[in-house]
Amino acid sequence: MDKLKVMTIFGTRPEAIKMAPLVKELERRPEFESYCCVTAQHRQMLDTVLDIFRIVPQFDLDIMEARQTLSTITSKCLLGLEEVFQHVRPDLVLVHGDTSTTFASALSAFYQKISIGHVEAGLRTGDKYSPFPEEMNRSLVGRLADLHFCPTEANRRNLAAEGITRGVFVTGNTVIDALGTTVRKDYRFSTETLNQLDYAGKKVIVVTCHRRENYGEPMRQIMTALRELAQAYQGQVELVYPVHLSPVVQEAAHSHLDRLDNVHLIDPLTADEMHNLMARSYMVLTDSGGLQEEAPALGKPVLVLRRETERPEAVEAGTVRIAGTSGSDIFKMASELIESPAAYAGMAHAVNPYGDGKACHRIADGILYYFGRVSRSPEMFQSR
Ligand code: UD1
Ligand code: UDP
């Protein structure tokens, strides 16, 4: 029987980290002829992931330019992918999550009548503009896709509520598969600042912030709260903030947080550095989706710097709280976790609502089932 031609497409850092273990799984299996195409919506932040996981894409659209608009990203992906698809004619295209690359890749595959598999399907806030444009991207990909790989049962229910019930698998999130390959007790950072931090004597807080809906006033509030936390807990707390390369974020972070001894504004970390930093940290303050999934698996409390989340599972498990985007609320909630051992202990326990490290295996099996190559559907992921 012919091998199945499966093309994995991604463009940004989080997509790359979460697709990397799947690319490896497809490469390992004899049933697949695996192709990898990157749009390079991100450049440096994508390339470090490709290096760490040793992935050499066959196609690279190289679309990144500073400050380009959503329309530019989307049109460049559509045009570039048309050529790639005509060249390879994959049986299935796999896209991930909710970025502009994700949406444009699914739309382009649809135009060419190529089957689409959506990895990390079914996440929803129900608010069309938050996160922006991700909520609409993932909803539209939900309509376009033939196969839906949901991390959790709640994600499956979200799709069912939209009438999407065929080709749906609950697999766990591939990010937990990735985490299993990167975290090590004896890990040494290549970023020297991180080797020198006093993880035992100080409370090391990991910070990230990049969402478009936080641009402007919300980001100003967040940065002000971070500055006040650093000043109020000097000597006790070290803030480590690898700053996203977006010029908007760079400006916001540096204008508020430069010249504070206990704030370390550093370059974006490689995925393995970030995972090992979180593993040694006290807690995480973030508006990132991926960090909300990784930190609970590492037993680290998370305060989410957004007004809502499409990842309610860890909130329900008690390890993640929504802090919102008001500076005073963020300061208050973070202070409580710094000062109260009881409040901290209540949140600092490892839970794994997002996966058991076998998501890629289930996704590969789900593909084979969909194409009639095996008779049994994979067992669904169930969070304990
Ligand atoms: C994108 C995704 C968002 C995801 C985030 C992960 C969209 C619309 N947004 O947002 O869902 O959460 O990635 O980080 O798809 N830049 C560089 N080098 C890089 C990466 C980015 O210089 O390696 C700069 C570029 O100037 C770029 C800007 O960052 O214009 C913003 O990048 P872009 O991909 O447009 O949006 P993100 O905010 O990164
Ligand atoms: N990450 C990283 N280096 C950093 C910051 C984040 O490798 O300096 C990783 C993080 O561990 C997670 C992913 O990037 O796996 C999350 O990406 P991001 O926050 O950019 O996007 P989101 O998840 O919000 O879409």
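Atoms within a ligand are numbered from 1 in the order they appear, just like the ligands themselves. The chain is numbered in sequence order, starting from 1. When reading the values below, keep in mind they use all heavy atoms of this one structure, side chains included, and skip hydrogens, waters and symmetry mates.
Here is the list of ligand 1 atoms found below 4.0 Å of a heavy atom in I73: 35 (O). Against a heavy-atom cut-off of under 4.0 Å, G289 is close to the following atoms of ligand 2: 22 (P), 23 (O), 24 (O). Ligand 1 places these atoms under 4.0 Å from at least one heavy atom of T99: 11 (O), 15 (O). Listed by number with element, the atoms of ligand 1 under 4.0 angstrom from any heavy atom of S100 are 7 (C), 8 (C), 15 (O).
The residue M45 has no part lying near ligand 2, judged by heavy-atom distances below 4.0 Å. Residue-level proximity to ligand 1 for R67 is carried by the backbone, the only part with a heavy atom below 4.0 angstrom. Residue H275 touches ligand 2 through its side chain alone, judged by heavy-atom distances below 4.0 Å. Using a 4.0 Å cut-off between heavy atoms, K18 makes no contact with ligand 2 at all. Within the 4.0 Å heavy-atom criterion, neither part of V49 lies near ligand 2.
Put simply, the side chain of S100 never gets that close to the backbone of L70: no donor and acceptor are under 3.5 Å apart.
Of all protein heavy atoms, the one lying nearest to atom 9 (N) of ligand 1 is E134 OE2, 3.6 Å. Protein heavy atom in closest approach to atom 11 (O) of ligand 2: E294 OE1, 2.8 Å. Among protein heavy atoms, the minimum distance from atom 25 (O) of ligand 2 is reached at P14 CG, 3.4 Å. Protein heavy atom at the shortest distance from atom 20 (O) of ligand 2 is R13 NH2, 2.8 Å.
A salt bridge links D60 and R43; the closest N-O separation between the charged side-chain nitrogens and carboxylate oxygens is under 4.0 Å.
When R212, R43, E15, E65 are ranked by how near their heavy atoms come to atom 35 (O) of ligand 1, first place goes to R212.
Assignment of T102 to the shell around ligand 1 is not supported, since no heavy atom sits closer than 4.0 Å.
Both I114 and F59 belong to a single network of hydrophobic side chains, linked directly or stepwise wherever heavy atoms of I, L, V, M, F, W or Y lie under 4.5 Å apart.
Polar contact check, L291 against ligand 2: no nitrogen or oxygen pair lies under 3.5 Å apart. For T208, no nitrogen or oxygen atom sits less than 3.5 Å from a nitrogen or oxygen atom of ligand 2, counting backbone and side chain alike.
With respect to R124, the salt bridge (charged side-chain N to carboxylate O under 4.0 Å, His left out) criterion is satisfied by exactly one of E310, E134, E162: E162.
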(message) Before you tell me yes or no, could you show the steps for T191 and T193 under side-chain hydrogen bond (donor to acceptor under 3.5 Å, both in side chains), namely the whole-Å CA-CA distance, both residues' side-chain angles and the distance that decides it to 0.1 Å?
(response) CA-CA 6 Å; T191 307; T193 318; over 6 Å; no
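Judged purely by distance below 3.5 Å, without hydrogens or angles, the side chains of D51 and T48 never pair a donor atom with an acceptor atom.
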